[in-house]
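Working notes for the structure below.
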Amino acid sequence: MLDIRLIRDSYKAVRENLGRRHDPEKLALLDRLVEDDARWRELTGVVNDLRRRRNEISAEIARVMKEGGDALSLREEAGKIPRQIVDAETERDLYGGRVRDALMQLPNLLHESVPYGVDESDNEEIRSVGKPPAFDFEPKSHAEIAVGLGIMDLERAAKVSGSGFYYLKNELALLDYSIMRYAIDHLMGKGFVLVEPPYMLRRKPYEGVTDLGDFEDVMYKVEGEDLYLIATSEHAMGAMFMDEVLNAEGLPIRFCGVSPCFRKEIGTHGKYTKGLFRVHRFNKVEQFIFSLPEQSWGLHEELQRNCEELYQELGIYYRVVNVCTGDIGSIASKKYDVEIWMADGEFREVGSNSNCTDYQARRLNIRYRMKEGQAPVGFVHTLNNTALATSRTMVAILEQYQQEDGSVVVPEALRPYMNGIEVIKGALNPLIN
RNA sequence: GCCGGGGUAGCCAAGCGGACUACGGCGCCAGUCUUGAAAACUGGUGCUCCUCGGAGCGCAUGGGUUCGAAUCCCAUCCCCGGCGCCA
């Protein structure tokens, strides 16, 4: 959420910034917001005047009655006011509600270093690390490999749950847990606090962390309850300090969240959906930071280094892009995506790293104070980064570490977590195909 | 799930239809004093709007009763205790 006062004071600059997103609807929304806000302020004055009249007369009635007098005519006059107040309030609230709704729909302001562009083809490649594996055979997709090894079953998952689900077995299930433990150990070693959050959130905190459109396209709602399955632990961790004031001396707070992620993936037809790449549930280890405003840009780079270390130690070939103004989404002020190289020669996103500045914090009312006992001075900044999403990391490992015979070499960094398994051969469970 | 008790400012806490302009304390800020600090004393300490002098709002949240609600009524949420159920 943007600061209404910033919009009032710097309308032109805000409009120009939002204009870089190639979304004319948002600009129209902004213009309407400014008009509605002016009307709201006008009506607030009217309501205040009426309330002042009422308060004055009520005080007069109290005084007269205390002196044993009869306040009949005053009471009659006072009796007319509530109706007027209700009418004026009703109109004021109409505009107030419109202002609030518009504020909740306006995206974050973009950082100046975000490249200008229309869609993902305009994202700016910053660097690539590693190199494509030198196969002297025709490489297979991860789905072919995993099904071939008998360590993944998509058909039976589709039978009972529909497409986008999977059964993982033996080495691949173990690989999933190994990736999580590997990422957890890496981040805890850097002082991140490990958090296993609630897997469901109420609507109100959820509106604070995400785009409202996600309630239709992304999150699963629990029937008959005010609860939504989390699409990422980012959401549960961001909401954690809702309506609180944090002490500056305790910032930044670094969290390492681990959870399953549930996503409807509505509107993703036509995108790459094979195998484990785009699924309705996967596990993820997430970095999340609450910081002071002046710390967040430095921390954004720190998160990026941390997650790239994870890919580098795994020996995965990847590249980093600076996501452009047309592709960045509404919450982030700046976003880096990490994309892995896949066996068909394409790079695809495995994780992203966002500085959300004060956008989520203002929606969630998470402020900070300089010292215990002092008044809050502003909103914290929040940052989130996919350390490792297990599903897509497994895609990278299966495709980049595959061998001609269909087996897959386990990256050395994961072997301690894989009971020492060096090569996945799929021989552990011969009776189930 | 049932029965009690509760939710008041950053924290603790009083008030329980009209002088509430929400008692008091802690913390915090400023001033006095001091070489400096502490202590002591004095004042301040939430949000919104505008015509910067004010006004309005604020007692978990949302409704209602009333000329007037922190106070009475209803609903919801959360916390504590007891009972029930349970991995």
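Residue numbers begin at 1 in each chain, while the letters A, B, ... track the order of the sequences.
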Using atom [atom1] of each nucleotide, how far apart are [N] and [M] to the nearest Å?
N: B:A22; M: B:A9; atom1: C1'; result: 10 Å
N: B:G68; M: B:G18; atom1: C1'; result: 7 Å
N: B:G15; M: B:G25; atom1: C1'; result: 16 Å
N: B:G56; M: B:A19; atom1: P; result: 14 Å
N: B:A70; M: B:G58; atom1: P; result: 7 Å
N: B:C20; M: B:C57; atom1: C1'; result: 14 Å
N: B:G4; M: B:G10; atom1: C1'; result: 31 Å
N: B:U8; M: B:C41; atom1: P; result: 29 Å

Partner nucleotide of [N] by Watson-Crick or wobble geometry (both distances under 3.5 Å):
N: B:A75; answer: B:U61
N: B:C16; answer: none
N: B:A9; answer: none
N: B:A70; answer: none
N: B:G56; answer: B:C47
N: B:A37; answer: none
N: B:C23; answer: none
N: B:G84; answer: none

- Query: Just checking, is any N or O donor in the side chain of A:Glu349 or A:Tyr272 under 3.5 Å from an acceptor N or O on the other one?
  - Reply: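 Per modelled atom types, A:Glu349 and A:Tyr272 side chains form no pair under 3.5 Å.
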- Consider only side-chain N and O atoms of A:Ser233 and A:Glu286, and report whether a donor and an acceptor are under 3.5 Å apart.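 Side-chain D/A pair, A:Ser233 to A:Glu286: absent.
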Between [Y] and [X], does any NZ, NE, NH1 or NH2 come within less than 4.0 Å of an OD or OE carboxylate oxygen?
X: A:Asp358; Y: A:Arg362; answer: yes
X: A:Lys274; Y: A:Glu144; answer: no
X: A:Glu309; Y: A:Lys190; answer: yes

- Distance flag, aromatic centroids of A:Tyr206 and A:Phe215, threshold under 6.0 Å: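 Centroid distance A:Phe215-A:Tyr206: below 6.0 Å, so yes.
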- Item | Test of ring centre spacing under 6.0 Å for A:His22 and A:Tyr116 |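 For A:His22 and A:Tyr116, the ring centres are under 6.0 Å apart.
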- Item | Pi-cation contact, A:Phe277 with A:Arg392 (under 6.0 Å, within 45°) |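 Relative to the ring axis of A:Phe277, which defines the angle, A:Arg392 lies inside both limits.
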- Query: Using a heavy-atom cut-off of 4.0 Å to chain A, what are the terminal contacting nucleotides of RNA chain B, in 5' to 3' order?
  - Reply: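 Contact boundaries, 5' end first: B:G10 to B:C78.
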Scan [X] against the nucleic acid and name what it touches under 4.0 Å (heavy atoms): base, sugar-phosphate only, or nothing.
X: A:Arg8; result: sugar-phosphate
X: A:Arg5; result: sugar-phosphate
X: A:Asn55; result: sugar-phosphate

- Could you check A:Ala62 against A:Arg51 and say which one's nearest nucleotide on RNA chain B is further toward the 5' end?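 Going by which nucleotide is closer to the 5' end, it is A:Ala62.
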- Message: On RNA chain B, does the nearest nucleotide to A:Ile4 precede the nearest nucleotide to A:Val245 from the 5' side, or the other way round? Give the residue.
- Response: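 The residue closer to the strand's 5' end, by nearest nucleotide, is A:Val245.
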